[in-house]
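This structure is a prediction, so every number in the text was calculated from the model and none was measured.
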Amino acid sequence: MRSFWSYLGELKRYPASLAVAFACAGISALSLGVGFAGIAPIIETILEGGDGGSPRGLSEMARDFNGSLVELPLLPGFAARLLTIPDGVIAELPPKPYHAVLWIMIGLGGLTIVGALTTFTHQYLSISVVQRTVTELRRRAYEKALRSPLGDLVASGTADPIARVVSDTAALGEGLTAVVSRGVFQVSRGLASFGVALYFNWRLTIVAVAVAPVLGAIVSLLGRRIKKATRRALREQASLYGSALNALRALRVVKVHTTEAHELRNFTAKNLEVMRQVFRARTARALSSPSVEVITLITLGVLTVVATKAVLDGQLDPESMLMSLGALFVTATALRPLTGIVTSVQAASGAAERVGELFEAPDEPGYDPSLPELARHAESLSFEGVAFSYPGATARALDGVDLRIEAGERVAFVGPNGSGKTTLLSLVPRLYDLDEGSVLIDGTDLRRVNVASLRRQLGVVTQETVLFPGSVRENIAYGVTGKTDAEIRDAAEKARAWGFIEKLPGVLDAEVAEQGLSLSGGQRQRISIARAILRDPAVLILDEATSMIDAESEAAIGEALDEFSRGRTTLVVAHRLSTVVGADRIVVMDRGRVEDVGKHDELLGRCRVYQMLAKTQLVGAHETRSDQF
């Protein structure tokens, strides 16, 4: 519960709206209390004359009201003075019973209108405050997820943080709404009617309060069970979300492998588990309201019997008894929804804890604004004693890598699958933090600079091309600002993408479908390359950048990249022999280590790993003369 109540403090960001909302709730409750306390006994006194006497006017009833305030032992003196009707006002009140009834009904109508307007205003403002707060919490939660270390995301998957950002903040919002909107409203009305009960017979009312601890214990016991079950259900919902997300993202693969039934079975199993977790809370939810209702009704029944006996024995005024019990019944009716509100808060507390865990998780290292900016790369890129392991892995992905690359040098990385090529290049933008060693640019350890200033100098094209829903222009200019259409077109031309872009409806304004599925694989790859070119990077990282492009296009793009990469440090992971041969140096990797570094001909003569790669993996190697091996 502590996590949930801490988020109530977020509502203080809108103090004016909260103050007006709470004031309106108080006015609405006051109108209910005044109407209940005044109308019934006054009408009864007017019509029946009270105690067998003649009907009274408003002036006489006002004097009786002032006299009754003195007899209330629990009412503070200042409150009694505040509620006392001045003699000047009493003198102006109509003395005739008919006029009294007329004015009372007019007052009742006015109270009804005021109550309705203030109730609407309270609900409107309180819900607005909660939704603004939840919107801000959702934004901050998403920002936190974006700033999370990539390694944590790899280990946990994307579904859980998405569920915390979307589903859990929504559940938290429901709890906040229950407290600020329904809770404040019902409590204020309950307190108003409770005050009326105290006014008519404070002794009987105090006896009724004795049952409150029992009700609190029941609600607390059931609430803890609801909280635990709801937290488990939210966790399973995140797993369910991940199952659906993965299958729909890979729908093309699902369809061509005819695994719709398999994915449906997988989803159904997780869906049933969510239902089982929700069912664990259903009994507690179902018991909470009737349990409180039964105890409340039993209490009122016992009080009625006791009060009746006191009336028959002449120890209690019948009118006071009836009005006090009536007010207590209204109090119970007003407070009855609180059991549902408490269960909503308990359910929301599980979501609050999950959102809190996201906020408390460490940020990706390097986003500290106090860290210095990295100057534009101009000298060297070095790996010194680099070792790295993925979370949960038993073997190191990189082990003791030492390598120095001069500024402007084009270096190709080759090696068997799993040799660590992509992992090593992932350390340059600091997507992962090292276990041992250092990565340095111009002699500066990347851990000592602001990571944003590092990444602004990088252009990265990977085998897995990522495009976003939006226009072609937005996808090419992703991550940069202030670029003109001419600059965007120039980058597209260098990437050999303009040829198909100018044929699209809308050209640069053409919409790209989710995951870029409205474009071919080669077209997506060229847009990704244009995106990297537009950044004007000091370091260009190409991880199988031309793997989705045919040989003819690859040759044309290769020419553009050769031209563009001049004067830039270029790191290339490639399986095409033409790309490898054109590099200034080739780094051969195997099992997380650097096996050898050299030119193509040199490595063919001395490196067995490279010889094997040339025979089996480098595309185009069959064109090389056999006597070279």
Side-chain angles (χ1 to χ4, degrees), residues 3-14 127-177 230-231 233-246 248-249 274 347-369 391 426 429-433 450-456 460 464 466-471 474-475 477-481 512-516 531:
S3 297
F4 174 80
W5 295 119
S6 67
Y7 287 109
L8 275 177
E10 299 282 343
L11 302 178
K12 292 187 296 186
R13 299 172 67 248
Y14 307 96
I127 292 175
S128 298
V129 167
V130 169
Q131 289 307 313
R132 288 194 182 101
T133 301
V134 171
T135 298
E136 174 60 17
L137 285 174
R138 189 181 297 122
R139 185 199 66 79
R140 284 161 46 194
Y142 184 61
E143 179 183 23
K144 185 70 177 183
L146 290 175
R147 294 292 177 88
S148 299
L150 184 60
D152 293 350
L153 196 62
V154 170
S156 65
T158 59
D160 186 68
I162 291 175
R164 293 177 193 250
V165 170
V166 179
S167 302
D168 294 0
T169 54
L172 175 58
E174 291 177 3
L176 294 175
T177 300
T230 302
R231 182 177 172 86
L234 289 171
R235 186 169 58 247
E236 293 301 328
Q237 284 175 0
S239 177
L240 178 70
Y241 186 86
S243 176
L245 183 65
N246 292 334
L248 292 176
R249 278 182 173 176
V274 171
S349 64
E353 289 180 358
R354 283 171 50 83
V355 175
E357 290 170 359
L358 177 62
F359 283 133
E360 293 169 4
D363 281 338
E364 180 182 15
Y367 274 104
D368 186 350
S426 297
R430 204 180 171 189
L431 297 180
Y432 302 100
D433 256 3
N450 186 286
V451 71
S453 67
L454 161 67
R455 292 172 181 171
R456 283 194 294 266
V460 181
E464 182 183 359
V466 177
L467 298 184
F468 299 91
S471 68
E474 291 169 341
N475 272 278
Y478 186 75
V480 295
T481 57
V512 177
E514 185 176 0
Q515 301 181 62
R531 178 191 298 163

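- Closest non-hydrogen pair, Asn450 versus Ala452, comes out as OD1-N, 2.9 Å.
- Every side chain to side chain contact (heavy atoms under 4.5 Å, CB included) that Val165 has, sequence neighbours left out, goes to Arg138, Ala141, Tyr142, Ala145, Leu358.
- Listed by chain and number, the residues in a ring-ring contact (aromatic ring centres under 6.0 Å, His included) with Phe359 amount to none (sequence neighbours excluded).
- Within the 3.5 Å criterion, the main-chain N or O of Phe468 finds a donor-acceptor partner in the side chain of Asn475.
- Counting only heavy atoms from C-beta outward, the side chains of Leu137 and Leu172 approach each other to under 4.5 Å.
- No side-chain heavy atom of Arg132 sits under 4.5 Å from any side-chain heavy atom of Thr135.
- For Arg455, the side chain to side chain donor-acceptor pair (under 3.5 Å) partners at least two apart in sequence or on another chain are Glu364, Tyr367.
- Using a 4.5 Å heavy-atom cutoff, the side chains of Arg140 and Glu10 are in contact.
- Surrounding OH of Tyr14 are more than 12 heavy atoms belonging to other residues, nucleotides or ligands, all under 6.0 Å away.
- In this view, Arg147 satisfies the side chain to side chain donor-acceptor pair (under 3.5 Å) rule with no residue, not counting sequence neighbours.
- With sequence neighbours excluded, no residue forms a side chain to side chain contact (heavy atoms under 4.5 Å, CB included) with Ala361.
- Using a 4.5 Å heavy-atom threshold, the side chains of Arg531 and Leu467 count as touching.
- The two residues Pro149 and Pro362 make their nearest non-hydrogen contact at CD-O, 3.4 Å.
- Considering only heavy atoms from C-beta on, Arg13 stays 4.5 Å or farther from Val129 through its side chain.
- Every residue meeting the side chain to side chain contact (heavy atoms under 4.5 Å, CB included) condition with Ser426, not counting sequence neighbours, appears here in chain and number order: Thr422, Leu431, Tyr432.
- Every residue two or more places apart in sequence or in another chain that forms a salt bridge (charged side-chain N to carboxylate O under 4.0 Å, His left out) with Glu136 is listed here: Arg139.
- The side chain to side chain contact (heavy atoms under 4.5 Å, CB included) check on Gln131 picks up Ile127, Thr177, with sequence neighbours excluded.
- The structure places OG1 of Thr133 at 12.5 Å from OH of Tyr7, a figure rounded to the nearest 0.5 Å.
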